Every structure is written in C-alpha cells, then in structure tokens.
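Since this is a predicted model, take the numbers as computed values, not measurements.
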Amino acid sequence: MTIQHPPDPTAAEMAKHLPPAITRYLREADHQHKANAHDLLAAFATDAVVVDDDGTTYTGHDEIHRWRETETSEYTYTVEVSHVEKFDDSHYVVTNHLEGDFPGGVVDIIYRFTLADGLITKLEIAP
C-alpha cells in the first residue's frame with residue numbers, strides 16, 4: 001500500500017464515515033484521550049485478535065485490555081489520519097501520521113481492521 005505524503009486530503013473526510021467500532025478504537029487508543037477500558041473493549045468482539053507492531057498477538061478482551069494498559073508512552077506526539085482505505089464492508093486500512101519527541105520523530109502507523117457484526121475481530125498494527 002502507498003502512504004500518501006502529504007496526507008491524503010480526503011482522509012479526514014473518509015475517516016468521518018468509518019464504522020463506529022473503528023472510530024471508537026481510534027478515539028480510545030489516542031494517547032491524548034482519557035481512555036476508558038470499557039469503551040475500548042466495546043469496539044472488539046470477545047474473541048478478537050490484535051497483532052501489535054512488534055509481532056505479539058493478543059486474543060480476547062482480557063489480553064487486549066492488558067496490552068492497552070501496558071501501552072503507555074513516555075513520549076508526546078500528535079496524531080493525524082493520513083490515509084483511509086475501504087476494501088469492503090469488513091476490511092479497512094487506516095494510516096495515522098505521528099510526529100513527536102520519540103526516536104526518529106516521525107512515523108506512519110498502519111492499522112488493518114477486520115470487522116464482523118459491527119465489531120473488530122482482527123486488528124493488525126504495523127509501522
């Protein structure tokens with residue numbers, strides 16, 4: 001997939017039309033948002049799978065909750081949706097552009113979502 005540089009001007013508009021589960025995840029995962037575990041987990045099916053950018057797999061609400069609890073950052077950064085792609089009603093890719101005081105200062109994070117019955121069943125995260 002090609003990441004748009006500068007960010008795709010349609011990305012912000014397309015992000016407004018993402019399914020509620022994806023919108024909820026992106027909101028609750030934003031480090032500037034006071035995340036609520038219940039709200040975050042409500043975006044996921046009970047047997048959902050998350051594959052983090054380090055290759056670790058988390059399955060089910062308990063493991064996903066523990067993963068998010070340990071994902072605190074010592075860095076400050078801004079997040080901007082730079083690309084949104086819908087493949088079909090069940091598959092979406094969202095790219096966030098991050099800039100901050102972390103090593104390298106700039107990174108694009110790719111989220112690959114699989115949905116069923118309005119919930120995230122699989123989330124793959126890649127830099």
Is there a side-chain contact between T56 and V51 in this structure, where contact means two heavy atoms from C-beta onward sitting under 4.5 Å apart? no
Scan side-chain atoms only and decide if E99 and H97 contain a donor-acceptor pair under the 3.5 Å cut-off. yes
Which value, rounded to the nearest 0.5 Å, describes the distance between I64 atom CD1 and F44 atom CZ? 5.0 Å
V79 with F113, same ILVMFWY side-chain cluster at under 4.5 Å: yes
Is V49 reachable from Y58 through a run of I, L, V, M, F, W or Y residues, each pair having side-chain heavy atoms under 4.5 Å apart? no
Test item: side-chain donor near acceptor, T76 and D101, under 3.5 Å: yes
Give the ring-plane orientation class for W67 versus Y25, where under 30° counts as parallel, over 60° as perpendicular and anything between as tilted. parallel
Same apolar cluster: I125 and L115, side chain cutoff 4.5 Å: yes
Determine, stepwise, if the pair N96 / S82 fulfils side chain to side chain contact (heavy atoms under 4.5 Å, CB included). CA-CA 5 Å; N96 279 347; S82 60; over 6 Å; no
Give a yes or no on whether I22 and I109 share a hydrophobic cluster (residues Ile, Leu, Val, Met, Phe, Trp, Tyr; joining criterion: side-chain heavy atoms under 4.5 Å apart). yes
In Å and rounded to the nearest 0.5 Å, what is the NE2 to NE2 distance from H38 to H61? 10.0 Å
Do P127 and I110 make a side-chain contact, defined as non-hydrogen atoms from C-beta onward lying under 4.5 Å apart? no
Any link between L26 and V107 through a network of hydrophobic side chains (Ile, Leu, Val, Met, Phe, Trp, Tyr) touching at under 4.5 Å? yes
Decide whether H65 and D62 meet the rule of one side-chain donor and one side-chain acceptor closer than 3.5 Å. no
Does Y111 reach the side chain of T95, with side-chain heavy atoms less than 4.5 Å apart? no
Side chains of Y92 and F87 in contact at under 4.5 Å (non-hydrogen atoms): no
Before giving the answer on side chain to side chain contact (heavy atoms under 4.5 Å, CB included), spell out for V84 and L18 the whole-Å C-alpha distance, their side-chain angles and the decisive distance to 0.1 Å. CA-CA 9 Å; V84 174; L18 287 168; 3.8 Å; yes
